[in-house]
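Below, chains carry the letters A, B, ... as their sequence lines are ordered, and counting in each starts from 1.
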Protein chains: 2
Amino acid sequence: MADGIGLARAAIEPALPEERVAKFIRTLRQRFSFSDEEQQQLISRMGGEAFFHKGDTLVDEGEWIEYSSLLFSGYACREKIDREGNRQIVEIQIPGDFVDLHSYPMEQLDHAITALTDCRIVKLYHKEIDDLIDKHPRFARLLWFSTIVDTSIHREWILNLGSRAGSQRMGHFLCEMYCRMEVVGLVEDGRYDLPLTQKDLGEALGFTPIHVNRTLKKLRSLGLADFRNQKVTIDDFDALADHCGFDASYLYLTPRKK
Amino acid sequence: MADGIGLARAAIEPALPEERVAKFIRTLRQRFSFSDEEQQQLISRMGGEAFFHKGDTLVDEGEWIEYSSLLFSGYACREKIDREGNRQIVEIQIPGDFVDLHSYPMEQLDHAITALTDCRIVKLYHKEIDDLIDKHPRFARLLWFSTIVDTSIHREWILNLGSRAGSQRMGHFLCEMYCRMEVVGLVEDGRYDLPLTQKDLGEALGFTPIHVNRTLKKLRSLGLADFRNQKVTIDDFDALADHCGFDASYLYLTPRKK
DNA sequence: GGCTCTCAATAACATAAGATAGGCATCGTT
DNA sequence: AACGATGCCTATCTTATGTTATTGAGAGCC
């Protein structure tokens, strides 16, 4: 929806850089206060755009990377495939997320990033980051921070997969997505897009698609959440959060002091 | 064992700084080649030591932190506790690991770090890191990298909890610990210390203690791994790795080009 | 219009893992 | 020596989740 608008406008006249990175800035500022000048410093280094179709691989496992991708519109996911070919979705990326900023220190990823919908990205070349940190060392800590939030999210997923079962595991995931989507203005009347099939959901939560179906049915019958046609509706967020013990602090959405 | 030696020596005469950080340097150099001079730069900034007893909290959830801790000897773990009081171990820390380097960009952790045995740490104050990055920007990328390896390990745990069951999940964990311990010289004849109870193991792998017992029994009967008295014996690492589809690349133990 | 897909929903059945409980070591304390 | 605490092991029973299969709705295609 916001997605569609972005695409349409880009086709007519290119969006301004500020606009393209707006969601990222919004998320970042939610977490880490920084000046308008610093914001400008960062935006001015953002390079070209790229477009991917649904199902495309944005970054492949093992690939050598020289720029990081800021997701401007569309949805993607990190995924790992094991020897038997089982797919594990490890994180969902939404507009405003830096999908692979950690490739700056890493240079090579241990997993792939795949487009869940058509995606538009803005590039930030690693040599620009080098230069930025060189001239403004404070950005090291700031950009570093933004990658470390993913680490925190991963830890919560470990907790979710390791200690929560059934509807609570599912509910927790839906709560996380709700909070992250809300920050970038993608929740409307308790509804947000989640472009996953039930099979995908299973691959994120460690369930079979059948069990995903059972679990969704249960959440629906409890009146806590409804997922259908790639859309999530949560009428009473607090009730759902309470049901599954969700606490958003691991998302670091409260501004830091520095 | 190496632990005991370290402690005894420290009691008589303080170990040299080089010696105290040797395991960390060993791990880091395994991953990221850097010069002797840079090594010296880093070591010279390391501050005082601290000692913790088994069961102590090294860093508490939510605590504001002004230095990061390098584990010199002993074992620790990251853990998260959910609302019901269930404990989820999220990572094991071994000698040479920076247990909370990510607290530098974070300033506050979303989880606690607890000593599994008596522990000795060496401090690196965050203002020293500020200064180090200021004078030698390359260290930003290097230290950043070292935190990002934890992210990669977390992702593999998500895969492990989400898609592997029973003996493979357990085996994978034992393989990871084997590889990490080997780098710092703590594997001897296929044996290494793992100071966890079966309950702890369950809290790391998302099993009940009873099921941990079943699983260990199975691995033992298959001749793949033996865990008892806090010691792991793996006679044929390749066989175990093959059994559970373990691939060490996510540990980034091959030196990067830069 | 009738294909073929993919995805969602459900049912019937199988099994891995959780829950509860008891016995048996070991260890530190008094 | 007696005691309680802790950790390991086993047995039994229950349940959540996996497996396999069938049906129907909708989307795209020829």
Rounded to the nearest Å, what distance is computed from the CZ atom of residue B:Phe207 to the C1' atom of nucleotide D:dT15? 17 Å
Rounded interatomic separation in angstrom, taking CG from A:Leu161 and C1' from C:dA17: 16 Å
Would you check if the distance from the ring center of B:His111 to the ring center of A:His154 is below 6.0 Å? no
What is the distance, rounded to the nearest whole Å, between atom NZ of A:Lys199 and atom P of C:dA9? 17 Å
Please state how far atom CD in A:Gln198 lies from atom P in C:dA8, giving the value in whole angstrom units. 4 Å
I'd like to know if A:Asp97 pairs up with A:Arg78 as an ion pair, taking the criterion as any Lys NZ or Arg NE/NH1/NH2 lying under 4.0 Å from an Asp or Glu carboxylate oxygen. no
Distance in angstrom units between A:Glu203 CD and D:dG18 P, rounded: 13 Å
Taking for each residue the nucleotide of DNA chain C bearing the nearest heavy atom, is the 5' side occupied by A:Gln230 or by B:Ile210? A:Gln230
Is the distance from OP1 or OP2 of C:dA8 to the nearest side-chain N or O of A:Asn213 less than 4.0 Å? no
Roughly how many Å is it from CG in B:Leu194 to P in D:dC8, rounded to a whole number? 11 Å
Are side-chain N/O atoms of B:Thr57 and B:Asp60 paired as donor and acceptor at under 3.5 Å? no
Cut-off 3.5 Å, side chains only: do A:Thr215 and A:Ser167 have a donor facing an acceptor? no
Record whether the side chain of B:Arg214 comes under 3.5 Å of the base of C:dG18 through a donor-acceptor pair of N or O atoms. yes
Using a cut-off of 4.0 Å on non-hydrogen atoms, how would the nucleic acid contact of B:Gly202 be classed: base, sugar-phosphate, or nothing? nothing
Can you tell whether the side chains of B:Asp118 and B:Lys54 come within less than 4.0 Å, N to carboxylate O? no
Quick note, B:His211 side chain, CB onward, closest among C:dA17, D:dT19, C:dT20 is C:dA17
How long is the line joining CZ of B:Arg164 and C1' of C:dA17, in whole Å? 18 Å
Nearest-neighbour nucleotide for the B:Thr197 side chain, C:dG18, D:dG18, D:dG7 considered: D:dG7
First of A:Gly166 and B:Lys217 reached from the 5' end of DNA chain D, by closest nucleotide: B:Lys217
Check the distance between D:dG18's C1' and A:Leu205's CG and give it to me in whole angstrom. 15 Å
